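First up is the structure itself, then whatever we jot down about it.
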Amino acid sequence: VIKSNGTFSAPSALSITSSASNYAIDNGGAFTHNDGTTTIGPDASNQWLKGSGTGAYYNLTSDNSSSLGMGIGADLVVDNDLTINASKKLGFVGAAYDVTVTGSVLVSGNFTTSTTPTGDHTFGDLTIASGGEYIATSGVTTLLGNFTDDGTFTHNNGDVVTNGGT
């Protein structure tokens, strides 16, 4: 928990393996990633990211062994890559959250939830591996790079905008 006047400076590798009050990271202050990888999981039963604080994650990985996976409870910004591992889920606690990933999104698990996302999603590249599933926002998905779909892509009646990728 990062309080409203608090600052957290992440190490080169940060692994959150349990949660307090259902939240892996509850950021109400300032999170500084320092180019360090943040991994959520694998052992906690309920891992959510939430908060109104500032700061992006870097190389964020959802590696939660729980069937609940990892939920987003705030706008999410990832500098560099976002990885959703096999048999894991990344979903939304509320529908309107935006997701911005400056690098690649690799979905080998599920980027899906019972809450239908409506916020805008912007990714560098999007790769859905065999067995992976990505349910797009009903808002706008913007792909700045390449799109590879070897799994399941559901458009969710949203717009998909590409910018020069393949």
Side-chain angles (χ1 to χ4, degrees), residues 1-2 7-17 19 23-42 44 46-64 66 68-86 88-113 115 117-129 132-137 139-149 151 153 156 158 160-163 165:
V1 175
I2 306 168
T7 299
F8 179 78
S9 183
S12 61
L14 174 64
S15 182
I16 308 289
T17 59
S19 56
Y23 300 107
I25 299 175
D26 182 354
N27 180 16
F31 181 95
T32 303
H33 62 64
N34 291 315
D35 295 344
T37 297
T38 300
T39 302
I40 306 296
N46 206 358
Q47 298 271 346
W48 296 352
L49 297 173
K50 79 167 232 174
S52 58
T54 61
Y57 300 96
Y58 187 86
N59 288 343
L60 178 63
T61 300
S62 173
D63 196 20
N64 194 338
S66 162
L68 295 174
M70 181 175 76
I72 298 172
D75 290 340
L76 177 65
V77 177
V78 178
D79 288 339
N80 213 26
D81 300 334
L82 170 64
T83 303
I84 312 302
N85 283 329
K88 314 304 182 247
K89 290 191 260 186
L90 185 138
F92 297 85
V93 178
Y97 298 122
D98 294 337
V99 178
T100 302
V101 179
T102 62
S104 298
V105 175
L106 172 60
V107 181
S108 59
N110 297 302
F111 195 113
T112 180
T113 184
T115 302
T118 61
D120 293 334
H121 298 173
T122 302
F123 306 142
D125 297 316
L126 174 59
T127 299
I128 306 168
E133 179 180 16
Y134 175 75
I135 295 180
T137 177
V140 177
T141 300
T142 302
L143 302 176
L144 303 174
N146 296 324
F147 174 55
T148 303
D149 183 9
F153 174 84
N156 204 17
V160 177
V161 177
T162 61
N163 186 18

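Just so it is clear, the model here is predicted, and its values are computed rather than measured.
When all heavy atoms of Thr118 and Ala96 are compared, the closest pair comes out as OG1-CA, 3.4 Å. In terms of heavy-atom proximity, Pro117 sits nearest to Ala136 at CG-O, 4.0 Å. The two residues Ala56 and His33 have their closest heavy-atom pair at O-CD2, 3.2 Å. Smallest separation of non-hydrogen atoms from Val161 and Val140: CG2-CG1, 3.9 Å.
You'll find the side chain of Asn34 reaches within 4.5 Å of the side chain of Ser9, heavy atoms only. Between Glu133 and Val107, every side-chain heavy-atom pair lies at or beyond the 4.5 Å cut-off.
A distance-only check finds no donor-acceptor pair linking the side chain of Thr141 to the backbone of Val160 [under 3.5 Å].
Rounding to the nearest 0.5 angstrom, the gap separating the CG atom in Leu14 from the OG1 atom in Thr38 is 4.5 Å. One distance of note links CG of Asp81 with CG of Asn59; it measures 5.0 Å at 0.5 Å rounding. Between the CD1 atom of Ile25 and the CZ atom of Phe31 there is a distance of 5.0 Å, given to the nearest 0.5 Å. Here the CG-OG1 distance, from Asp125 to Thr102, works out to 10.5 Å after rounding to the nearest 0.5 Å. Here CG of Leu82 is found 10.0 Å from OG of Ser104. Values are rounded to the nearest 0.5 Å. The line from CG of Asn156 to OG1 of Thr137 is 7.0 Å long, rounded to the nearest 0.5 Å.
Looking at Val101, Ile40, Thr83 one by one, the single match for side chain to side chain contact (heavy atoms under 4.5 Å, CB included) with Leu60 turns out to be Ile40.
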### Message
Run Tyr134 and Leu126 through side-chain contact (heavy atoms from CB on, under 4.5 Å) and show every step you take.
### Response
CA-CA 9 Å; Tyr134 175 75; Leu126 174 59; 4.1 Å; yes

### Task
Could you go through the side-chain contact (heavy atoms from CB on, under 4.5 Å) check for Tyr57 and Leu76 one step at a time?
CA-CA 8 Å; Tyr57 300 96; Leu76 177 65; 3.6 Å; yes

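Ring geometry for Phe153 against Phe147 counts as perpendicular: the plane angle is over 60°, on a 0 to 90° scale with 30° as the lower cut.
No side-chain N or O of Thr142 forms a donor-acceptor pair with one of Asn163 less than 3.5 Å apart. For the residue pair Asp98 / His121, no side-chain donor-acceptor distance below 3.5 Å is found, with atom types taken as modelled.
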